[in-house]
Amino acid sequence: MECIRWTTLNFGVLANTPYFYALIDNVIVADELDAFTPTIASLAHVYKQTTRNVNLGGSFGIGFPLFEGTSGQIISFFLGPTIILGKQQKFLISGGLMGAKVNRLSRGFMPRDVIDSNINGIPTNDRYELGYFIGISYDLIK
């Protein structure tokens, strides 16, 4: 069993569209954000070393979005299978589940609801939601 750790370029999509919320005349307005997130990730790839050109394994790790403010994300978590191509120079393709923090309305509020002027700001909370990702890595060392 071999475990290697690489920096990977991942592309993730959240299952539910994230939104940016604002108040206009005490009415909640929601603006749709991009659910697609390019991420630089550090993944651990675990697989059984064989003499074949193609191996199967698994991967897990964490990543940070390339662009600030992308879907309100700070950090993402990744878990899924990996295909390892090559014997010496390895090219890895990973995919699977992604978890990322998203800002959502709280207390039962919905877009276009009117907020009482006694409430300070928009009631939101950050919570983790699932999505999926695909990632690519290339072994530059060997």
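Remember, predicted model here, so these are calculated numbers, not experimental data.
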Peer 1: Would you call Arg104 and Asn125 a side-chain contact if the rule is heavy atoms closer than 4.5 Å?
Peer 2: yes
Peer 1: Any chance CG of Leu85 has more than 12 other-residue heavy atoms, nucleotides or ligands included, within less than 6.0 Å?
Peer 2: yes
Peer 1: Show your working on side-chain contact (heavy atoms from CB on, under 4.5 Å) between Ser94 and Leu43 and close with a plain yes or no.
Peer 2: CA-CA 9 Å; Ser94 302; Leu43 294 180; 4.2 Å; yes
Peer 1: Does any non-hydrogen side-chain atom of Thr8 lie less than 4.5 Å from one of Ile136?
Peer 2: no
Peer 1: Who clusters with Leu130? Use side-chain heavy atoms, under 4.5 angstrom, across I, L, V, M, F, W and Y, and order the result by chain and number.
Peer 2: none
Peer 1: Between Ser42 and Ile62, is there a donor-acceptor pair closer than 3.5 Å when you use the side chain of the first and the backbone of the second?
Peer 2: no
Peer 1: Hey, does Thr82 have a side-chain heavy atom less than 4.5 Å from the side chain of Leu56?
Peer 2: no
Peer 1: Do the non-hydrogen side-chain atoms of Phe64 and Ile40 ever get within less than 4.5 Å of each other?
Peer 2: no
Peer 1: Connecting only ILVMFWY residues whose side-chain heavy atoms lie within less than 4.5 Å of each other, what is the rest of Val29's hydrophobic cluster?
Peer 2: Ile24
Peer 1: Output the distance between atom CD1 (Ile134) and atom CG (Leu9), rounded to the nearest 0.5 Å.
Peer 2: 11.0 Å
Peer 1: Can you give me the closest heavy-atom contact between Met110 and Asp113, atom names plus distance?
Peer 2: N-OD2, 2.8 Å
Peer 1: Do any pairs count as a ring-ring contact (aromatic ring centres under 6.0 Å, His included) and have a residue in residues 11-34, sequence neighbours left out, and if so which ones?
Peer 2: Phe11-Phe36
